[in-house]
Amino acid sequence: MRRTANQASLWAPLRRPLYRALWIAQMGANIGMWAQTVGAQWLMGDFTSGPLGVALVQAAVTVPMFLLVVPAGALGDIVDRRRLLLVGRGVALVSAAGLAGLTTAGVVTPALLMGMIGVLGVGQGLAAAPSSAIQPELVGLDEVTAAALLDGASLNLARAVGPALGGVLIAAAGPAATFAFNAVCISGVLLVLFAWSRPVDDRPLGAETMAGAVRAGARYVRSAPLFGRVLGHILMFTVFASGLWALLAVLARGPLRLSAAGYGLLLGCLGLGAVACAMALPRARRHVSPGRLVACGAAAYAGCLAVLSFVTWLPVVVATLAMAGAAWVGVQATFTSTAQLLLPEWTRARALGYFQLALTAGQAGGALLWGAVAELLGLTAAFLVPSVCLLFGTALARRFLPLPASPVNVSAIQHLPEPPQPGAQPQAGPVLVTVEWHVDPQHTAEFAAAMRPVGQARRRTGATLWGLFHDLEEPSLFLETFTVASWREHLRQHAERGVVMDLETEALARRYLDPDRPPRVQHLIWAYSADRQRGRGNDR
């Protein structure tokens, strides 16, 4: 039997040479990143002993990502994603190498450390959404979930190796060695990207403008309820779960009284648990829905936070952290693969920018929030309070924002008929499109209900306003209207943005039509804009 998107072997993507090379290079970069994280947090601990100061290191890298992921996602849909990745990784390389040099020279200060970490966040912000968006280009559709798990395993195997290696480097040569090591690891990713001959993007109507791409991405996210549910889940989870990552160094230096190597060991336990989960999760996904996987993972993570809030015996802490790592990667990989499978190619990078925005907002906000709670009320409260909140938040999210049980078909298709050629300039607009639908009078209520998802599809692909009107004098007649910013934007609806899911949605509404009276479509362009094109000017 053919495997579905949720049944592909975990190792299937690694049979593809490009994905394999990039995965290995990225795992090295993840190891370097975590080694540097240990070095940065340990160095900040030397400057200030307060937990808030250490937690700010994580905030310093996530805040720039928060600000950049949306515009970087838009860029990822209008420029070559490989080149954007090269720029992002190059910025990160400059940050790591510069921080290594400054620390070696002995001139680094807390403010300078935070600033250079912020530059690293800029590089990661530029690369985050495009890195996720290229995954369906590198693997088959049925391998997307396996690729997401392998990426999670890469990141979390790095958590097992990187922190321990970072502790060894700190003990041997000081924090500067971790920064230099990260620079070397980033260089490996750059080499693979340089060697990648990515096909030229097919854009029959040309590239979008930056402002237009950002608006189109925001419009898509607002009108995609299934993707919106994923965003709600990821934001809720990361706000309550990120405190453990931000405050683990405080736990190591404080109640557990561990050295830098011991702190690396704790992070390594998280990573090993995550790798174990990545190995087991593909089998679990064959029998358990994404929503249930997220609920079970979040509940397990909440239990781990509760244990860490009052237990300081190292063997129990180690076992608890391994379970927390498994729960973390199970939840995150489920969110990532679900998001990727919900998004069409034309908007994947910009929509995933909002996914990264929710993720980084939760991490930055959670780091600051639980760092402040630890400063005021102690570590026990900083672990116990989010544990309780995570349990209640997950229950509410599952009740009101259920995740889709199976992926939808977002394969590209040109299902709309070719629009007329009125001789309008591409920038002319706005455009008003009207569609007359003649409905079986016995099914007008059903037709109106079936047209709501059609309206969402129109908005996702470019409509700024959408409405459905019922003729009082002719009860069988419905008039659908929607406006689009320009004629070129409307052409994109026809030529670039159609997907099978939207065709299926419209087919459900067409079941209620009068077969003897086909829909009638009209395209109208804003009159004063047309006057200006003909040289008459206008007073608008």
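Just so you know, these numbers come straight off a predicted model, no measurement behind them.
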Just wondering, more than 12 heavy atoms not from Arg20 lying within 6.0 Å of its CZ? yes
So Leu379 and Leu251, side chain to side chain contact (heavy atoms under 4.5 Å, CB included) or not? Walk me through it. CA-CA 8 Å; Leu379 274 178; Leu251 178 67; 4.3 Å; yes
Run the numbers on Leu305 and Trp370 for side chain to side chain contact (heavy atoms under 4.5 Å, CB included), then give the verdict. CA-CA 12 Å; Leu305 288 177; Trp370 306 119; over 6 Å; no
May I ask you to test the Arg497-Pro344 pair for a side-chain heavy-atom distance under 4.5 Å? no
Can any side-chain N or O of Thr312 pair as donor or acceptor with the backbone N or O of Leu256 at less than 3.5 Å? no
Does any part of the side chain of Leu352, heavy atoms only, come nearer than 4.5 Å to the side chain of Phe355, both counted from C-beta? yes
Could you go through Thr334 and Thr338, starting from their C-alpha distance and side-chain angles, then the distance that decides it, and tell me whether this counts as side chain to side chain contact (heavy atoms under 4.5 Å, CB included)? CA-CA 6 Å; Thr334 301; Thr338 301; 4.1 Å; yes
Please check if the number of heavy atoms outside Arg292 that lie under 6.0 Å from its CZ is greater than 12. no
Do His233 and Thr394 have side chains that approach each other closer than 4.5 Å (heavy atoms only, starting at C-beta)? no
Once you round to the nearest 0.5 Å, how far does CD1 of Ile186 lie from OG of Ser95? 7.5 Å
Quick one, Met210 and Val214 - any side-chain contact, counting heavy atoms below 4.5 Å? yes
Distance col, row Leu22:CG vs Asp151:CG, nearest 0.5 angstrom, shows 8.5 Å
CD/Gln26 to SG/Cys185 distance, rounded to the nearest 0.5 angstrom? 10.5 Å
Knowing that exactly one of Trp34, Tyr301, Phe240 qualifies, which makes a ring-ring contact (aromatic ring centres under 6.0 Å, His included) with Trp245? Trp34
Measuring from Leu343:CG to Leu226:CG, what's the distance to the nearest 0.5 Å? 10.5 Å
Do the side chains of Leu244 and Leu321 get nearer than 4.5 Å, heavy atoms only? yes
Any Leu231 side-chain heavy atom under 4.5 Å of Val221 side chain: yes
Under 3.5 Å, side chain of Ser242 to main-chain N/O of Thr238, donor-acceptor pair present? yes
Using a 3.5 Å distance criterion without hydrogens, assess whether the side chain of Arg82 forms a donor-acceptor pair with backbone atoms of Trp196. yes
For a 4.5 angstrom cut-off between non-hydrogen side-chain atoms, does Leu99 reach Ile117? yes
Around Met323, counting heavy atoms of other residues, nucleotides and ligands shown, do more than 12 lie under 6.0 Å from its CE? no
Does any part of the side chain of Phe181, heavy atoms only, come nearer than 4.5 Å to the side chain of Ile31, both counted from C-beta? yes
Dump the intermediate steps for side chain to side chain contact (heavy atoms under 4.5 Å, CB included) on Gln36 and Met33, then the final yes or no. CA-CA 5 Å; Gln36 175 165 308; Met33 179 193 70; 5.8 Å; no
